[in-house]
2 protein chains.
Amino acid sequence: MSRSTGRRLGRAGIRDVAAAAGVSITTVSDALNGKGRLPDATRSHVREVADRLGYRPSAAARTLRTGKSGLIGLTVTTYGDEPFTFTEFAYFAEMARAATSAALARGYALVILPATSRHDVWSNVALDGTVVIDPADGDSVVAELVRHGIPVVSDGRPGGALPVTGWVDNDHEAAVLGLLDHLADAGARRIGLLTGTTTDTYTRLSTTAYLRWCERVGQDPVYESYPAHDPCAGAVAADRLLARPDRPDAVYGLFDPNGTDLLAAARRYGLRVPEDLLLVCCSESTGYASTEPPITTLSLKPRRIGTAVVQILIDAIEGLGDGRPVEQVIPTDLIVRTSSQRRSPRTTISPPRGPAGN
Amino acid sequence: MSRSTGRRLGRAGIRDVAAAAGVSITTVSDALNGKGRLPDATRSHVREVADRLGYRPSAAARTLRTGKSGLIGLTVTTYGDEPFTFTEFAYFAEMARAATSAALARGYALVILPATSRHDVWSNVALDGTVVIDPADGDSVVAELVRHGIPVVSDGRPGGALPVTGWVDNDHEAAVLGLLDHLADAGARRIGLLTGTTTDTYTRLSTTAYLRWCERVGQDPVYESYPAHDPCAGAVAADRLLARPDRPDAVYGLFDPNGTDLLAAARRYGLRVPEDLLLVCCSESTGYASTEPPITTLSLKPRRIGTAVVQILIDAIEGLGDGRPVEQVIPTDLIVRTSSQRRSPRTTISPPRGPAGN
DNA sequence: CGACCTTGCAGAAACGTGCCTTCTCGCGAG
DNA sequence: CTCGCGAGAAGGCACGTTTCTGCAAGGTCG
């Protein structure tokens, strides 16, 4: 039986289009891709025939031939294995959303991949590049990708001198120092920290900045650590922090849920916010605008980061930049709300809260 | 020059492994894929050589040959075009997360795709199947996918008699009826609805269920609609609803942010929750446990839905089910909190709230 | 002892593109 | 009349797998 005539099953291929249009395969390819030298008449004719047959080029064949798949990997490595933290922290959701939009705008799609280096999944998808969120020190997934020559851009400075294509990050140190100054200005005498046990650069840099600030102003550090991926542990750690004999009169929580955790803990101990306890946490959740009281948050601008990461990565894939690693710092944004407002001097003796509307 | 010896650039191919191991290409392929009849000695030898060379099979070539890519598309079509609502509603984040986990567990990866049928992206990726969240009536993206023979499983019943591979949904009608009964039991006399202007089945079914309930109990419907993808419009609609002359004494909001929107609107009008206004909204956000007061929510169990959708889709891809469409209904969960608690009969005249702890 | 089966492996044909090379044809200049 | 030239289009290889088919050697059985 003839190959070219009888499509036994499946979609139409470029051969069928060529046959139907009465031209060669080369002509079809050139016509559809805008290459070669063809009169407009031929071009439009081929396009029309292709449309009529419902022709869609095979992505697999094109990828095999060109070496470009148009796919970008997206992975979160730090916080545990199986269940991604996409939903846990609004940061990841925002960042992923921005990254997805930016990628699509340039014709790429994002593939969500596991933190663990499961060969059966990672090697089954042809990636042009990968975005890694919060890589750990000397991250093995990153190392393997780099070894195979796949461009990697990370959200957060990669530790362990990994030769990535680039990274985007906030100036966490400056952010924490500024935030602690803000709390001190608001009257805090002893500022506590709720931090994580993980080794990602965000946690590390923020914590050391806190310690340095303490040293500078001569305050003893007061902090509790917990595994950030475990929401229950966060509540427990918040409780521990407020139960200490050297209880702080202001707390900064590094992770998104810390705000509500600390607020709940404060209620349990009968502490009023902000009268007895000033509160700030790092979060992108708009919910903190409507808690009781509203909580001051530090925004890391995940949308800008997600966009920047993808732009850098695609530039590298398409060979637009020079070969050198791109490093980009995004400013943070402290959104001041009631929970960290300066105690008004007149309210030395704080009465029970008045009824309803403030 | 000889092809087989000089790897000019790029990674090692199966040919190189064959040459280095002193066997044929066939043997390498069989050894690595556990096929053919080979003694264990040969198998392990080939594996070792492959490891030594850092061999990774080309996903593109394998896809081209086998016709399976191991990729599943994930798309949200309803709520506008560009910026996905992944983050806006906790529902999507949860559902996507569950779907991702389920897919990875079975060796598939998820590709995030735009709602619009941008050819340059959709046709550039070889999909084994697609998950569509909340397809609109006669959704064009779904129609095109089905036309090309790609399995499609949707979250939400597809309208317009689209011949999809299957769908998973809640019994929205039962959920709404039960919830309205709950509000009526708590003393509501006139229940209002905050709904959307979109044509997805969730909005449509929920709204008609509300209208039917009103008819049954003989209440005039009181509702406001707004485009669900616009958060500001939601706040405005909430305000409109409470500003009406026939102001309801209980409201159900169909969308995630409605809870806080309604709460804020209630404050503006000096309405106490739940004394003057009972509140329920459909949300997966845990934040509603710690608002003031905590708000009763209807959970659609997105995790179970995401998992089910992926299982059905992969079963269809791998030819495990019979050919018939699979339809699966997931029960909902009404999480009752203070905002819809029965008014205690004794508190006819409600005093200003007491200080602090309840 | 020959027919037949089993084991262990190799050859080579696809899969559907993209692109490099070549071929043909018409036309104007020498 | 011939030669060069450029536009237009076709031929065919390569991308890296999977897998169908086949082939030789050795063992078994009537």
Side-chain angles (χ1 to χ4, degrees), chain A residues 1-4 6-19 21-46 49-50 53-70 123-126 128 148, chain B residues 1-4 6-19 21-46 49-50 53-70 123-126 128 148:
Chain A
M1 72 196 81
S2 147
R3 275 208 73 271
S4 53
R7 294 306 301 162
R8 38 199 169 285
L9 45 82
R11 315 196 313 270
I14 198 174
R15 264 189 307 272
D16 308 283
V17 178
V23 295
S24 77
I25 294 182
T26 305
T27 305
V28 174
S29 178
D30 284 349
L32 296 181
N33 296 334
K35 305 200 171 177
R37 39 185 193 197
L38 300 175
D40 288 347
T42 311
R43 274 211 154 77
S44 57
H45 173 63
V46 169
V49 172
L53 297 187
Y55 167 71
R56 292 272 171 278
S58 151
R62 171 175 288 169
T63 298
L64 178 58
R65 186 59 238 254
T66 63
K68 299 280 163 223
S69 66
S123 65
N124 249 336
V125 38
D128 289 347
H148 281 285
Chain B
M1 74 195 80
S2 146
R3 275 209 72 272
S4 53
R7 294 307 301 160
R8 37 198 170 286
L9 46 82
R11 316 195 312 269
I14 199 175
R15 266 190 307 273
D16 308 285
V17 178
V23 295
S24 77
I25 293 181
T26 305
T27 305
V28 174
S29 178
D30 284 348
L32 295 182
N33 296 333
K35 305 200 169 175
R37 34 184 197 200
L38 300 175
D40 288 345
T42 310
R43 243 179 246 285
S44 56
H45 175 229
V46 169
V49 171
L53 297 187
Y55 168 71
R56 292 275 171 275
S58 151
R62 170 174 292 169
T63 298
L64 178 58
R65 184 62 234 250
T66 62
K68 301 279 163 223
S69 67
S123 63
N124 249 334
V125 36
D128 289 347
H148 282 285

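Chain letters run A, B, ... following the sequence lines, proteins first, then strands; residues in each count from 1. All values reported here derive from a predicted model rather than from experimental measurement.
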Taking any heavy-atom pair under 4.0 Å as a contact, classify A:N33: base, sugar-phosphate, or nothing. sugar-phosphate
Check for a donor-acceptor pair, side chain of A:T63 on one end and backbone N or O of B:A60 on the other, with a separation under 3.5 Å. no
Euclidean distance, atom NE2 of residue B:H45 to atom C1' of C:dG8 [Å, nearest integer]: 15 Å
A:I14 has an atom CD1; how far is it from atom C1' of C:dC19, in whole Å? 11 Å
At what angle, to 10 degrees, do the two end axes of the helix from C:dC1-D:dG30 to C:dG30-D:dC1 meet, given five pairs define each axis? 70°
Approximate separation, where rounding is to 0.5 Å, of B:H45 NE2 and B:D40 CG: 14.5 Å
With sugar-phosphate meaning primed atoms plus P, OP1 and OP2, does A:I25 contact a base, only sugar-phosphate, or nothing at under 4.0 Å between heavy atoms? nothing
Figure out the CG/P separation between B:D30 and C:dG11, and round it to whole Å. 14 Å
Over all atoms of both residues, closest heavy-atom pair of B:N33 and B:R62: OD1-NH2, 3.8 Å
Among C:dC9, C:dA10, C:dT17, which is the nearest nucleotide to the side chain of A:R15? C:dT17
Least distance between heavy atoms, A:D128 atom then A:G67 atom: OD1-O, 4.0 Å
Minimum heavy-atom distance between B:L64 and A:A61, given as atom pair plus value: CD1-CB, 3.8 Å
Of the options C:dG18, D:dA9, D:dT17, whose atoms approach the side-chain atoms of B:R62 most closely? D:dT17
Let's see if you can work this out: which of D:dG16, C:dT17, C:dA10 has an atom nearest to the side-chain heavy atoms of B:T27? C:dA10
Tell me: CZ of A:R43 to C1' of D:dG8, nearest whole Å? 11 Å
Choose from D:dG8, D:dG16, C:dC9 the nucleotide whose nearest atom is closest to any side-chain atom of B:T42. C:dC9
Give me the atom names and distance for the closest heavy-atom approach of B:A59 to A:S123. CB-O, 3.8 Å
Rounded to whole angstrom units, what separation is found between the CG atom of B:L38 and the P atom of C:dT7? 12 Å
Would one find a side-chain N or O of A:S58 under 4.0 angstrom from OP1 or OP2 of C:dG16? no
With the side chain defined as heavy atoms from C-beta on, A:S29 is closest, among C:dG18, C:dC15, C:dT17, to C:dG18
Mind checking if B:R56 touches a base, just sugar-phosphate, or nothing, with heavy atoms under 4.0 Å? sugar-phosphate
Would you kindly give the OH-to-C1' distance between A:Y55 and C:dT17, to the nearest whole Å? 7 Å
Rounded off to whole Å, could you give me the CG-to-P distance for the A:L32 and C:dG16 pair? 16 Å
Residue A:V23, side-chain atoms from C-beta onward, closest of C:dA10, D:dG16, D:dA10: D:dA10
Heavy-atom closest pair, residues A:A31 and A:L38: N-CD1, 3.7 Å
Nearest-nucleotide pick for B:T26, side chain only, options being D:dG11, D:dT17, D:dT19: D:dT19
Whole-Å gap separating C1' (C:dA14) and CG (A:L64): 13 Å
Given C:dG8, D:dT19, D:dA9, which nucleotide is nearest the side-chain atoms of A:R37? D:dA9
For a quick test of reading the model, state the closest non-hydrogen atom pair linking A:L53 to A:D16 and the distance between them. CD1-O, 3.9 Å
OP1 or OP2 of C:dG18 under 4.0 Å from side-chain N/O of A:K35: no
